[in-house]
*Asks:* 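First the structure, then my questions, so here it is.
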Amino acid sequence: SAKRHGRNVSQRFRPALDVQNTPHMALVYGLRDALANGDQLELHYQTQHRIMDGAVVGMEALLRWRHPEHGMVSPADFIPLAERHGLMGQLGNWVIDESLSQMSRWRELGLPQLPVWINISAIQMFQGELETALSAGLARHGIEPSQLGLELTESVLLDERAGDIVPRLEALRAKGHRIAIDDFGMGYSSLSYLKNLPLDKLKLDRAFIRSLPDDPADAAIVSAVLAMARGLGLDVVAEGVETHGQLDFLQQAGCRLVQGYLYARPGPAEVIEAQWQALKSDVSGLILRAEPTA
Ligand code: C2E
Ligand code: MG
Ligand code: MG
Ligand code: MG
């Protein structure tokens, strides 16, 4: 088990049991087990919506770890651990394969083929196996690159360890992938790279959305980013939209796309399927619509 494994390793590598680090290391060993067995890991999916009519335009795949003792562990907690302990390459490859495999299952079920966006860790860029893992997965599951979008944070895009990122992004886009900057506004905040990097989309971080419409600074920043993105020909997705007040502000400021609890929480594939089966009987064609629920 993970526990026994953890104790063995701490005995081998540590002079004494470091109580403070025990939970941390136990999680790392647990994660290694989860990767070996596969059944504790899941992807949940959160739909992205066009404000104008609520149509679903895509989905973000979000990694979930159902720990046998601790229950759901947040990716915000275990992804940094995976990165620090050499497990992120494997975890990232699992996400690529699982998302593509899910897309092929949805295709077999006759569900609409909507683009899925996955999050890419810095480690996947540094190690340079991202391109190989993507090509292999796409070929294995028969999915077009245009159906798999890649979300990278500003810090990933600007980290020099990833090498010259421009030709890599250009090559990924030439294959058909679309590229988004995730958590836009929270990173190094240099605007010059927006001019140089080949990008399709900005995901405006939830931190700027949270206090809309009342906070004048956030309102100014969001309006300015939307205007700038329009000028640069980039789509903007507002992240973490929870209220009608936020939605109304965003729409008036010219934002077209949103993701957030107001429309849908992330859910397992079966929940998404059930929503779609229900919606399919309601609407004609492939555009799925959902009204904000909150
Ligand atoms: P992210 O990529 O910015 O994902 C959006 C996060 O916001 C998700 O948290 C989502 O559940 C949450 N969210 C969406 N709408 C709302 C809302 O209306 N209100 C609030 N309060 N939260 C909302 P989650 O799933 O906990 O993921 C956290 C972060 O973990 C992600 O942020 C991403 O950076 C990372 N992550 C998740 N899955 C993966 C993955 O497969 N690979 C990598 N490298 N990172 C991942
Ligand atoms: Mg993301
Ligand atoms: Mg984000
Ligand atoms: Mg985030």
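Source: prediction; values computed, not measured. Just follow the structure's listing: the first ligand is 1, and inside any ligand the first atom is 1.
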*Asks:* Heavy atom to atom 31 (C) of ligand 1, shortest distance: which of I96, L43, L62 holds it?
*Replies:* L62
*Asks:* Does the residue R265 have a heavy-atom contact with ligand 1, meaning some pair of atoms that are separated by less than 4.0 Å?
*Replies:* no
*Asks:* Quick test of your reading of the model: are K203 and D183 salt-bridged, counting only N-O distances below 4.0 Å?
*Replies:* no
*Asks:* Which is the closest N/O/S atom of E60 when seen from the Mg ion (ligand 2)?
*Replies:* OE2
*Asks:* Is there a heavy atom in H44 that sits closer than 4.0 Å to ligand 1?
*Replies:* no
*Asks:* Is R32 positioned over the aromatic face of Y29, cation under 6.0 angstrom from the ring centre and no more than 45 degrees off axis?
*Replies:* no
*Asks:* With respect to I120, determine whether any N or O atom, backbone or side chain, lies less than 3.5 Å from an N or O atom of ligand 1.
*Replies:* no
*Asks:* Are any of the N/O atoms in Q124 less than 3.5 Å from those in ligand 1?
*Replies:* no
*Asks:* Would you check the N or O atoms of E239, main chain and side chain alike, for any that come under 3.5 Å of an N or O of ligand 1?
*Replies:* yes
*Asks:* If you measure from each non-hydrogen atom of I79 to ligand 1, which part falls under 4.0 Å: side chain, backbone, both or neither?
*Replies:* side chain
*Asks:* So do V225 and L204 actually touch side chain to side chain, heavy atoms under 4.5 Å?
*Replies:* yes
*Asks:* What are the atoms of ligand 1, with element, lying closer than 4.0 Å to any heavy atom of G260?
*Replies:* 15 (N), 18 (O)
*Asks:* Under 2.8 Å from the Mg ion (ligand 2) - does any N, O or S atom of E151 fall there?
*Replies:* yes
*Asks:* Look at ligand 1 and say whether M88 reaches it with a heavy atom at a distance under 4.0 Å.
*Replies:* yes
*Asks:* In sequence, state the C-alpha distance, the side-chain angles, and the governing distance for E129 and N93, and then conclude on side-chain hydrogen bond (donor to acceptor under 3.5 Å, both in side chains).
*Replies:* CA-CA 9 Å; E129 45 177 73; N93 289 346; 3.0 Å; yes
*Asks:* Pull out every atom of ligand 1 sitting under 4.0 Å from any heavy atom of S121, numbered as shown with elements.
*Replies:* 44 (N)
*Asks:* Are D200 and R173 ion-paired here, with the side-chain N under 4.0 Å from a carboxylate O?
*Replies:* yes
*Asks:* When you look for heavy atoms under 4.0 Å from ligand 1, do you find them on the side chain of V95, its backbone, both, or neither?
*Replies:* side chain
*Asks:* Among side-chain atoms of Q48 and Q259, is any donor-acceptor pair under 3.5 angstrom?
*Replies:* yes
*Asks:* Is ligand 1 under 4.0 Å from a heavy atom in the side chain of P266, in the backbone, in both, or in neither?
*Replies:* side chain
*Asks:* Using distance alone, with no hydrogens and no angle criterion, decide if Y193 and E154 have a side-chain donor and acceptor under 3.5 Å apart.
*Replies:* yes
*Asks:* Run the contact test for I118 against ligand 1 with a 4.0 Å cut-off on heavy atoms, strictly below, and give the result.
*Replies:* no
*Asks:* Considering just N/O/S atoms, say which atom of D182 is closest to the Mg ion (ligand 2).
*Replies:* OD2
*Asks:* Which of the atoms in ligand 1, numbered in the order shown and given with their element, are less than 4.0 Å from a heavy-atom of Q46?
*Replies:* 14 (C), 15 (N)
*Asks:* Are the charged groups of E98 and R105 less than 4.0 angstrom apart, N to O?
*Replies:* yes
*Asks:* Backbone or side chain, does any N or O of Q259 fall under 3.5 Å from an N or O of ligand 1?
*Replies:* no
